[in-house]
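In what follows, a single structure is set out as structure tokens and then discussed.
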2 protein chains.
Amino acid sequence: MPETKDRPYHHGDLRRALIDTALAMLAADQNWAFTLREVARRTGVSHAAPYKHFRDRESLLRELARIGFIRLGQAMTAAMSAGGACVREKFIAGAQACIGFALCNPGLYRLMFSADADKTADRPLHDAAMETFGILLRLLQEGQIRGSFRPIAINALAAASWAQVHGLAMLAISGQLAEEKVGREPVRAALDVLLDGLCC
Amino acid sequence: MPETKDRPYHHGDLRRALIDTALAMLAADQNWAFTLREVARRTGVSHAAPYKHFRDRESLLRELARIGFIRLGQAMTAAMSAGGACVREKFIAGAQACIGFALCNPGLYRLMFSADADKTADRPLHDAAMETFGILLRLLQEGQIRGSFRPIAINALAAASWAQVHGLAMLAISGQLAEEKVGREPVRAALDVLLDGLCC
DNA sequence: CAATATAAGTTTCTCCTGTAAACATGGAGG
DNA sequence: CCTCCATGTTTACAGGAGAAACTTATATTG
């Protein structure tokens, strides 16, 4: 039982442990101002150990963002599966899952779309983001085939949809959406407005 | 003629000079990773001088963001004035001005909406942001009064509109909007989709 | 108009960070 | 059993944030 041992020289899975610590700090502070040394400290290793697993600080941040995109994708997929047969219902479910994810993980969500998680410099991150984006794209295509969504260029549909969902998520995070009550009503209403424009 | 003097001990308007330098660096690098010391260096003063004008580094960043909101507001107001009499046209003009501003000043735009420009910690910044947001709100109200926009809760209208415009701007900045061509077409189409849902 | 208070700069100092290099360790394969 | 290598550790260094103490020009006041 290696978990009862106090401190074996070799951690076992330091990479994972560092990621977990960093995710925890991100969730606690809702920002990624933490220092690499602090992450190492809290993980119980020397301040140089992380460099055996991440080229530099940004590299760790990009890995956090990648995990964020994977989790977001899972949340959206799950919500859409449970969201009824109608594409419109599925869309609403997926969008609310995205906004809910952002509200539950504001720091992580911000990091995912920040310049510090540069997708042009990290293929795995880029792929994860595209994969999650693809979930939306496939739903739009399905809706068009079924005749639920207007047959305009898929790019325009995607731009409008993604902008709306991501925009709402960012506004929700900033608290700019909840002047009086943080309820789902304005979000739902905004999505309905979009869908009224989207649908045939 | 004080401007011909080489280096008077008192700069004259160091605060403004620091802001200009920082804005230039922000525009050059499209990020705000620059250090306060570097700003001081390029402005030709000692590294401690900025602290006479800004409590800390973040304080300077917030001031940059405030200026960004003012400039964005001016750009949107100007575009809307020149955008025809129809509210729908005005909306399109204002939205495109916002997206154009973001594309011309990606770094500044990102900073304005980043957690580093914390609006809850800076009244002037908060006010500037609200003032610019108010431009959109007033247009929506005008549109409702004229009967151009659907008479749903103004909050829902605002959420949908602001999310769409801001979302498109962020996507445009990230280059995620221009898979093949960076043309205005997808943006215009996305705005039309929104307006189809917004209008009566 | 001199004396001086004050705003605006500068120097110096401390603590901390990111990151490189050299060194240590212990588990896996010959 | 012995040696290699991935994974840790120690040590070292260049820079940055910000505080404190010191300096200088400008504005005020008797």
Side-chain angles (χ1 to χ4, degrees), chain A residues 1-22 24-26 28-29 31-65 111 114-118 121-122, chain B residues 1-22 24-26 28-29 31-65 111 114-118 121-122:
Chain A
M1 38 181 75
E3 65 255 55
T4 51
K5 289 205 148 189
D6 227 13
R7 299 274 152 111
Y9 188 90
H10 287 290
H11 184 286
D13 199 353
L14 180 55
R15 182 187 167 85
R16 179 62 59 103
L18 290 168
I19 290 172
D20 288 346
T21 304
M25 295 178 73
L26 183 55
D29 310 341
N31 71 57
W32 53 99
F34 56 74
T35 132
L36 240 200
R37 280 165 116 103
E38 180 70 17
V39 174
R41 222 171 284 140
R42 298 211 189 186
T43 311
V45 294
S46 79
H47 62 83
Y51 287 91
K52 300 290 170 177
H53 299 276
F54 301 97
R55 193 189 315 283
D56 53 21
R57 202 185 95 101
E58 276 211 0
S59 183
L60 169 59
L61 293 181
R62 287 195 298 264
E63 176 63 11
L64 300 184
L111 172 60
S114 87
D116 287 333
D118 184 1
D122 193 311
Chain B
M1 36 181 74
E3 65 255 55
T4 51
K5 289 203 147 192
D6 226 14
R7 300 271 153 109
Y9 189 90
H10 287 291
H11 184 286
D13 198 355
L14 181 56
R15 183 188 166 84
R16 178 62 58 102
L18 290 168
I19 290 171
D20 288 344
T21 303
M25 295 178 73
L26 183 55
D29 310 343
N31 72 58
W32 54 99
F34 55 75
T35 127
L36 239 201
R37 282 165 113 101
E38 180 70 15
V39 173
R41 221 172 285 138
R42 298 210 189 186
T43 311
V45 295
S46 79
H47 63 81
Y51 288 93
K52 298 290 169 174
H53 300 275
F54 301 96
R55 193 188 314 283
D56 52 21
R57 200 185 96 98
E58 276 211 1
S59 184
L60 170 59
L61 293 180
R62 286 196 298 265
E63 175 63 9
L64 300 184
L111 172 60
S114 85
D116 287 332
D118 185 2
D122 192 311

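Predicted, not measured: the structure shown is a model, and the values here were computed from it. Numbers restart at 1 for each chain; the letters A, B, ... are given by sequence-line order, proteins then strands.
Distance CG (D116(B)) to P (dA17(D)): 13 Å, rounded to an integer number of Å. If you take CG of L14(A) and P of dG8(D), they are 4 Å apart, rounded to a whole angstrom. Atom CG in D13(A) sits about 17 Å away from atom P in dA6(D), given to the nearest Å. Following rounding to the nearest Å, R57(A) (CZ) and dG15(D) (P) show an atom-to-atom distance of 19 Å. Between the CG atom of L60(B) and the P atom of dG18(D) there is a distance of 11 Å, rounded to whole Å. Rounded to whole Å, the distance from CG on L18(A) to P on dT9(D) is 10 Å. For the pair H47(B) NE2 and dA21(D) C1', the interatomic distance rounds to 13 Å; values are reported in whole Å. The interatomic distance linking Y51(B) (OH) with dG18(D) (P) rounds to 4 Å, in whole Å.
Across all their heavy atoms, L26(B) and L111(B) have their closest contact at CD2-CD2, 4.0 Å.
Remark: I19(B) CD1 to E63(B) CD distance equals 4.5 Å, nearest 0.5 Å. In this structure, R16(A) CZ and T21(A) OG1 are separated by 12.0 Å, a value rounded to the nearest 0.5 Å.
Of the two residues contacting DNA chain C, namely R41(A) and A48(A), the nearest-nucleotide position lying further toward the 5' end is that of R41(A). Where E58(A) and S46(B) meet DNA chain C, the nucleotide closest to each residue was compared, and S46(B) sits on the side nearer the 5' end. For the pair D56(B) and K52(B), nearest-nucleotide mapping onto DNA chain D gives the more 5' position to D56(B).
Nucleic acid contact class of H53(B) (heavy atoms, under 4.0 Å, all strands): sugar-phosphate only. Nucleic acid contact for R55(B): none, since no nucleic acid atom lies under 4.0 Å from a heavy atom of the residue.
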Just do the side-chain contact (heavy atoms from CB on, under 4.5 Å) check on R57(A) and Y51(A) with the steps written out, would you?
-> CA-CA 9 Å; R57(A) 202 185 95 101; Y51(A) 287 91; 5.8 Å; no
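Under a cut-off of 6.0 angstrom, the local environment of CZ in R15(B) is crowded, with over 12 non-hydrogen atoms contributed by other residues, nucleotides or ligands.
For dG15(D), the OP1/OP2 oxygens have no side-chain nitrogen or oxygen of T35(B) closer than 4.0 Å.
Taking only distance into account, the side chain of R37(B) never meets the base of dG15(D) through a donor-acceptor pair shorter than 3.5 Å.
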